[in-house]
Amino acid sequence: MDGDSVPPAIERFIEYLRIKTVQPEPDYAGCREYLRRQAAELGLGFQAHEYVAGKPVVVLTWAGMEPEAGSVVLNSHTDVVPVFPEFWSHPPFEAARVAVAGSGGDYRIIARGAQDMKIVGHCYLEAIRALRARGERVRRTVHAVFVPDEEIGGADGMARFVESREFAGLNAAFALDEGIASPGDGLRVFYGERAPCWARFVAHGQTGHGSQFIADTAAEKLVPVIDRLMALRREQLADFRTPNADGSAKTLGDVTTVNLTMLQSGVQHNVVPESASACFDIRMTPTSDYRAFRRWLEALAAEHGAQLELVQFWDDNTVTPTDASNPFWVAFEAAVAAQGIAIEREIFPAATDSRYLRRAGVPALGVTPLRNTPILLHDHNEYVLQSDVLNGIAFYERVLAAVANVPGP
Ligand SMILES: CSCC[C@H](NC(C)=O)C(=O)O
Ligand SMILES: [Zn+2]
Ligand SMILES: [Zn+2]
């Protein structure tokens, strides 16, 4: 670390990044205690709920002036994905602060979770800190929610929380959650997500000597299924490459992607295998008819004598309104525009905890306030600029002051 003075907000960020909340054995207890200290310093309410032992959902609460009005949830996940330390320039949990040559005093903060998504959770708390330090009050209660296990699907985290009494007690009216950094100048704002469909097809058939014409083999049943899904992939890729009516390029969120991610079969070169399986990672765009797609997959398997197992099938395509019907959108959009930032509205290509919130009826927007930034989530040498952390705090101050002051009903 350099010998200059480190802004306190950056010191706290580095402290948060140093907590090894890395899957598959995240230090959730250390994280909970860090958040408990933050709550005490900030004068916020603190609660930690364990729906699954050792996996706390932590809620820091800033009471609003109109407690009966629906609250604003600022959601972030505390876990981070594993690392390959040998590919990192600095140890991934050291959170090294490295001067950027020629930047006029900026620094890179290099750590796993810097982009995904500790910067977001940190900026929420620092924005609340700044607003409270100025003596500002907001109408609506604000809950900064820190959930475990998003990186492994959220089954023991947000999925459990949204079903709980405590979540109902939040009376959430609107939520912010994570997005992705933008390499361009616009701010990517995600108002919906594609639904994950993880389909496994298994076929069984006759075995025998590899020199014969064996009838009804597992491969003969499975290959046409694979062919049909690959045809769907080609159709969707062609659609992806076709510009929108207004000439703009499509994003991944506009189409359905299909990837063959696992193939298994065979024991020996001259033995016809008894079984074969193929796993697909399919992401369905919210405008598709999920239930009809499921029936199509079932019919495809049945037609070729294969079995279908849906390892994941999300069948809710709720999106957050981004028009005048949603007063939180109106307030958010105005607060962002007032900062001279252009919004790019998108469907998130993968799955985040926002899907649980939207399905529970809470309109959610996915935002990570990083622009002109390479996308490094899940990558080696994940970093953010110090200036982007400080700007991110100012960004949420404006956004929070807007959305938490939307008049109650
Ligand atoms: C279906 S649970 C898996 C969640 C994971 N989320 C991200 C952001 O990578 C994914 O989309 O694969
Ligand atoms: Zn994330
Ligand atoms: Zn992630």
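The analysis underlying the following values was restricted to heavy atoms, covering all of them including side chains, and did not include hydrogens, waters or symmetry mates. Start at 1 and go down the list; that is how both ligands and their atoms are numbered. All residue numbers refer to positions in the sequence shown, counting from 1.
The pair Arg112-Glu382 counts as a salt bridge, with a side-chain nitrogen and a carboxylate oxygen less than 4.0 angstrom apart. Salt bridge status for Asp289 with Arg291: absent, with no side-chain N to carboxylate O gap under 4.0 Å. Using a cut-off of 4.0 Å between Lys/Arg side-chain N and Asp/Glu carboxylate O, Arg18 and Glu94 are scored as not salt-bridged.
For the Zn ion (ligand 3), the set of nearby N, O or S atoms under 2.8 Å includes one belonging to His378. Using a cut-off of 2.8 Å, one finds that Asp116 contributes an N/O/S atom close to the Zn ion (ligand 2).
Side chains of Lys118 and Thr21: a donor-acceptor N/O pair is present below 3.5 angstrom, by distance only. There is a side-chain donor-acceptor pair under 3.5 Å between Gln23 and Asp149.
A tilted orientation is assigned to the rings of Trp329 and Phe332, their planes being inclined by 30° to 60°.
Sorting the N, O or S atoms of Glu178 by how far they are from the Zn ion (ligand 2) puts OE1 first. Of all N, O or S atoms in Glu151, the one lying closest to the Zn ion (ligand 3) is OE2.
Protein heavy atom in closest approach to atom 3 (C) of ligand 1: Trp198 CH2, 3.9 Å. In terms of protein heavy-atom proximity, atom 12 (O) of ligand 1 is nearest to Arg283 NH2, 2.8 Å. Scanning all protein heavy atoms for the shortest distance to atom 9 (O) of ligand 1 gives His378 CE1, 4.1 Å.
Those atoms of ligand 1 with a heavy atom of Arg355 less than 4.0 angstrom away are 1 (C), 2 (S). Of all atoms in ligand 1, numbered sequentially from 1 with element shown, those under 4.0 Å from a heavy atom of Ala350 are 11 (O). Near Gly153, meaning under 4.0 Å from one of its heavy atoms, ligand 1 places the atoms 2 (S).
Backbone and side-chain nitrogen or oxygen atoms of Ala351 are examined, and one is located within less than 3.5 angstrom of a nitrogen or oxygen of ligand 1.
Evaluation of the side chain to side chain donor-acceptor pair (under 3.5 Å) rule for Lys20 yields no partner, not counting sequence neighbours.
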